[in-house]
Structure formats: structure tokens, C-alpha cells
Amino acid sequence: MTNERYPVLIVGAGLAGLSAAMFLAVHGVRALVVERHPTTSIYPKARGQFPHTMEALAVADVAGQMLRASPPEPGFRIVVAESVTGRVFNEVLIDRDPDFGELSPAGWANASQERAEPILLARARELGADVRFSTELVSFTQDEHEVRAVIRDEHGERTIAADYLVAADGHRSPVRDALGIGTHGRGDLGRSIGIVFEADLGRHGFGLYYLQNPQLPEGGGVVVSTDERDRYALAVGHRENVTDAEWLDLIRTATGIPDLNPTLLTEGVTNGHTAARVADCFSRGRVHLIGDAVRVMPPTGGFGGNTAILDGYYLAWKLAMVVKGEAGPALLDSHDAERRPYADILVEQQYAAYVQRLRPDLADDTVAPPIDPISTLFFGYRHLSNAVAMEPTDTGALLENPEQPTARPGSRAPHVPLRANGAELSTRHLFGRNFVLLTTAVDRWPREAEKLNLSLNVYRVGADVEDPEGRFTKTYGITERGAVLVRPDGFVAWRAEAEEGDLAGAVNKILARA
């Protein structure tokens, strides 16, 4: 017997699952989230929110909270070194976050997962999501009409019916296994063990240190500061039954301070693994996978947590439109088509960083060359699928240089400074909730937009908003009589260089309307 019904059931309340629930609620869809653990993560990992992630978080009005949850120290030091206080082999980032002001109006935050998840949880619940901890998915089935899932909590088992299921259930993903979805990639790279400790490391104390040191297990490790002053996390190659005395020796070696007397926080001891793999597909039927359920990569680059949040952001608007009957179910085919190719690139880039920073012994000719500039991975990837009205001349390149934006369908809608009512804003501030049509003072496109059965915001640049630097038409690749349609996730869906173009036809195609 079915006890409850929800439009969307989400399995997993980590960064991906909570983000999906929060953004679904932003779009007016209430989800049920079940999480087998009793609470959000208690571990100081997955630190940092990149500018494009902060843009998404601003849509849900939580970007400011992430900033306030970040440690007060400015910037963040990332180095490859012998120890925290020892020789530095490579400076990845020194004392400040990179400035991407020409590409985004958003800045950086440095909250770790243990602080970020409660923020997402509170906002999701505030907006109407039902999030239940100590509740696990027992089994599920699906047919052409719905998903039926059995969940278990302290009161026993019950059946949930949902239109769709989102699997955000981690790298082992029982949902992925139940669907028979395999993975590809380099596979397991090694196991690790970690501990949280307290110590005064002085001026060296805020940052991320990739250690290459033969005195550490497997020749290396990682030390990272946490959200609390004088509290750090150390991870090294796996060892069994490490005693407190051995932990003290490992910490002293990793910090390079032989007489350091740290306090061990033994509840923070963790066992982990490093891997590089991607799911063979991200959707099957009415089930869609996000976060670690679809990609696992070495933690050398900071993309894991950011990509988990953005998975929820990019999927939520599509699910919401389908659930509300504003789009056809085939819109959801774009989830796999858009996110899997990017995951393949990203995992290989993180593996390359892992080899460079922690395992130079693995270097060979299969390691992908770094994508330069790194901003390409933030702002230069493209979403190419049935949810984009591609232009005939488009080569289908997955990456482009965001410093020379094209605004082609599938590309990120570029940041252009605007002004409204005397206040400065960006084109990026216009996106996130509805489709957006950008044009100039031409009458045709606003008139056509009024005929569409679509939640659509129209902005006439030069009339509704000012273009003080005169950059809009050139940056977006249109004439004064053209128009650009931007998806809720901030990617260009369709473009008409001048007045020729079929806006209604493009919308029907993109939204898979019969």
C-alpha cells in the first residue's frame, strides 16, 4: 500500500541531494529527501564554493550565508610541499582567490561541507522540502507512470510513490547498482586514513597542503585547515590500527614541527578511498543520478563539492518543468547528454592534478594535459543536448575560452555589466528562476514572447536595463534587432542574430513539447 506521494524522491542528503531539493523548491516543486545517516556531514571536507557555484546559490538566497560561514582569513593557500612548514615544491594558489570579475559578478566562499550542508538543509526545509534523516531506501521499482520506493525508518517500512527519483546516494550508489549502470575510468587509486586534530600552526595554518614526503605512508598526504581556528584534518595512505602515538608522529612529520603537541580528535578518524570513475549513464527511465553517484575523482582541485551542488541546480529546473507539465518528459534526456561529457573531462583533469600534486610516480603519457586557463572548467564548458537549439555552423565543441565568449546556444550566457534604476547589476543576475529573453528595444521579440505558454522574463537592453559599456549586442553575437533566449540555469538556449528566427518553434523543441 502506498502511504505517501511526492513529485520527486531524492535519496541522499549530501551536497547534491540537498541542493536538488532546495532548487526544486525554488521552482515550486516539493521533494522528499531520505538520508540513512542521522545528520549532515560532520567532517571538514569539500571546502570552497567557486564563483559559478555562488551564482547558483544566490538564486536560492544562500550565497551570503556561505560567505558568513567561511573562515575569516582572506584567501586560501594551496601548495605542494614536503610538510606544512617545509620546502615548497609548487605553489598552486597563494594567499588569495583568483579574480574572475570579468567573467562573473560573484566572488568566492570557503565554507566546508560540514557548514555548507546545514545551510542547504535549512533553506530546503524553509522552502517546503521534506528531509528525513535516519531513513534509508530499501528498494524501488519504476514503470512508465511512476517510481514506487520502500523506505525504512525507526517506525518501520512504508511505500512512497513519486513521479521521479533522484539518486544522490554517494560513490557506492545502491540505486546505480540496482539500475545495472556500470562505470568507466581509471578506477580505484588507493585507500587513505585521516584524523582531525587541534594545534597552533601560526601563520602556516590556513590552507591546503599536498605533501610529498617519503616519511609518510605511501610517500604523501594532505593537511587542510577547517572552519575552526587551530583545527586541521590530516589524510595519509591507509594503515591499519593506527595508535594515538603513531598519529602524533604522523602529524609532526606532516607539519614539519617535531615538538608539536597536537590534540587528537579521535571522533574525526575516517577511512576513505581515492578513485577516478564516471557512471556510464546518468539517467535510466524515471531515475536520474547526481553527485558522487555519477562521478568520483581525486580531491585535488575542489570540483567535487561544487559539481555536486551544480548537479542539483542544473537538474532541478528541468524536473520542475516536467512535473508541472510545462515541458515534455524528453527534456530530461538532456541530463545525461549535458553532464556526462563534462564529467569525463573533469575527472581526468582532477586525476592529472592528483598525479602532479600527490603521486608523481603515476605520471605517464595517458595523463591529460591541463586545460589552461583553469577558468575554462568554471565558465567555458557547454551544455549540448536536445535542450539547446544548436546553430548550423556550430562545431559542437564542449569547451570554449570564456574570456572570448561566443554566447552560442549551449554556452554559458556571458557576464555583461548592466544598470537598472541607478544600481549596477550583471546579465547573470537575471537568470536562475525562469527562462529569460534578452533583446534591445525591438518590438517583435517581446510581442512573440507574450504568445508563449512559458514562464519567461523579457529584458530590453537599452530600455528596461541600461548597457553602460555598450557591450551587450557584441558579446551576445546579435545585431540591434536580434534576441537571445537563456535557460533558467544561465545557458543560452536559442539565438536570433537579427529578426529572422522562430522563437516559438525553438521553445517547443527545447522543452520537448509535442
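The structure displayed is predicted, hence computed values, not measured ones.
Proximity of a side-chain donor or acceptor of Arg191 to a complementary backbone N or O of Gly237 within less than 3.5 Å is not detected. The backbone N or O of Asp230 sits nowhere less than 3.5 Å from a side-chain atom of Glu198 that would complete a donor-acceptor pair. Side-chain atoms of Arg286 do not come within 3.5 Å of backbone N or O of Val147 as any donor-acceptor pair. Within the 3.5 Å criterion, the main-chain N or O of Gly380 finds no donor-acceptor partner in the side chain of Asn401. In terms of modelled atom types and a separation under 3.5 Å, the side chain of Thr183 and the main chain of Ala279 share no donor-acceptor contact. Remark: side-chain polar atoms of Arg231 are not paired, donor with acceptor, to backbone N or O of Thr226 under 3.5 angstrom. With Ser173 contributing its side chain and His171 its backbone, the two residues share no donor-acceptor pair below 3.5 Å. In this structure a side-chain-to-backbone donor-acceptor pair under 3.5 Å is present from Ser70 to Ala111. Side-chain atoms of His415 do not come within 3.5 Å of backbone N or O of Ala106 as any donor-acceptor pair. The backbone N or O of Ser426 lies less than 3.5 Å from a partner atom in the side chain of His429, making a donor-acceptor pair.
The CE atom of Met54 sits 6.5 Å away from atom CG of Leu57, with the distance rounded to the nearest 0.5 Å. Between Phe282 atom CZ and Ile181 atom CD1 the span is 9.5 Å, to the nearest 0.5 Å. Going from atom OG1 of Thr263 over to atom CZ of Phe197 covers 10.5 Å, rounded to the nearest 0.5 Å. In this structure, the separation between OH on Tyr313 and CG on Leu24 is 13.0 Å, given to the nearest 0.5 Å. Atom CG of residue Leu377 and atom CZ of residue Phe50 lie 9.5 Å apart, to the nearest 0.5 angstrom. Note that CG of Leu454 is 8.0 Å distant from CG of Asn434, once rounded to the nearest 0.5 Å.
Annotation: side chain of Leu511 is in contact with side chain of Met321 (closest heavy-atom distance under 4.5 Å). Looking only at side-chain heavy atoms (C-beta outward), Val484 and Leu437 stay at 4.5 Å or farther from each other. Using a 4.5 Å heavy-atom cutoff, the side chains of Val8 and Asp163 are not in contact. Residues Val224 and Tyr232 have side chains not in contact (no heavy-atom distance under 4.5 Å, counting atoms from C-beta outward). Using a 4.5 Å heavy-atom cutoff, the side chains of Leu315 and Val166 are in contact. A heavy-atom distance below 4.5 Å is found between the side chains of Leu103 and Ser375. Taking 4.5 Å as the limit, every side-chain heavy atom of Tyr209 sits out of range of all side-chain heavy atoms of Thr255. Using a 4.5 Å heavy-atom threshold, the side chains of Leu201 and Ile257 count as touching.
Below 30°, between 30° and 60°, or above 60°: for Phe303 and Phe378 the angle between ring planes is between 30° and 60°, a tilted geometry.
Ion pairing between Asp311 and Arg295 holds under the 4.0 Å rule for side-chain N and carboxylate O. A salt bridge does not link Arg419 with Glu469: none of the charged nitrogens is closer than 4.0 Å to a carboxylate oxygen. Salt bridge status for Asp61 with Arg123: present, with a side-chain N to carboxylate O gap under 4.0 Å. At a threshold of 4.0 Å, the pair Glu338-Lys318 counts as salt-bridged, since one of the basic side-chain nitrogens sits closer than that to a carboxylate oxygen. The pair Glu348-Arg277 does not meet the salt-bridge criterion, since no charged nitrogen lies less than 4.0 angstrom from a carboxylate oxygen. A salt bridge is absent between Arg471 and Glu466; no separation between the charged side-chain nitrogens and carboxylate oxygens falls under 4.0 Å. Salt bridge Arg47/Asp227: present, at least one basic N to carboxylate O contact under 4.0 Å. A salt bridge between Arg428 and Glu55 is present, with a side-chain N of the basic residue lying under 4.0 Å from a carboxylate O of the acidic one.
The neighbour count for Glu126 CD, taken as heavy atoms of other residues, nucleotides or ligands under 6.0 Å away, is above 12. Remark: Glu424 CD is loosely packed, at most 12 non-hydrogen atoms of other residues, nucleotides or ligands lying under 6.0 Å away. Around atom CG of Asn421, no more than 12 heavy atoms belonging to other residues, nucleotides or ligands sit under 6.0 Å away.
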- Message: Run Arg339 and Tyr381 through side-chain contact (heavy atoms from CB on, under 4.5 Å) and show every step you take.
- Response: CA-CA 10 Å; Arg339 300 304 289 162; Tyr381 62 91; 3.9 Å; yes
- Task: Give the C-alpha distance, both sets of side-chain angles, the deciding distance and a yes or no for side-chain contact (heavy atoms from CB on, under 4.5 Å) between Arg132 and Leu32.
- Result: CA-CA 8 Å; Arg132 305 178 192 177; Leu32 169 64; 3.3 Å; yes
- Message: side-chain contact (heavy atoms from CB on, under 4.5 Å) for Tyr210 and Asn90? Distances and angles first, verdict last.
- Response: CA-CA 10 Å; Tyr210 296 108; Asn90 183 28; over 6 Å; no
- Task: Starting from the C-alpha separation in whole Å, work towards a yes-or-no answer on side-chain contact (heavy atoms from CB on, under 4.5 Å) for Val62 and Gln65.
- Result: CA-CA 5 Å; Val62 293; Gln65 293 183 56; 3.8 Å; yes
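In this structure, His238 has its ring center no closer than 6.0 Å to that of His273. You'll find the ring centres of Phe435 and Trp494 outside the 6.0 Å limit. Checked against the 6.0 Å centroid threshold, Phe491 and Tyr314 count as a close aromatic pair. A ring-centre distance under 6.0 Å is not found for Phe23 and Trp317. In summary, the aromatic rings of Tyr6 and Tyr164 are positioned with their centroids too far apart to meet the 6.0 Å limit.
A donor-acceptor contact closer than 3.5 angstrom is absent between the side chains of Arg412 and His52. Side chains of Asp336 and Ser283: a donor-acceptor N/O pair is absent below 3.5 angstrom, by distance only. At a cut-off of 3.5 Å, with distance as the only test, a side-chain donor of Ser411 or Glu400 sits close to an acceptor on the other residue. Between the side chains of Arg357 and Thr300, not a single donor N or O lies within less than 3.5 Å of an accepting N or O.
The heavy-atom pair separating Arg359 from Leu189 by the smallest distance is NH1-O, 4.0 Å. Nearest heavy atom pair, residue Gly477 against residue Arg495, reads CA-NH1, 3.7 Å. Ile510 and Leu331 make their closest contact through O-CD1, 3.4 Å (heavy atoms, listed as atom of the first residue, atom of the second, distance). Between Leu18 and Ala13 the shortest heavy-atom distance is CD1-O, 3.3 Å. Of all heavy-atom pairs spanning Glu326 and Ser455, the tightest one is OE2-OG, 4.2 Å. Smallest separation of non-hydrogen atoms from Gly410 and Val388: N-CG1, 3.4 Å.
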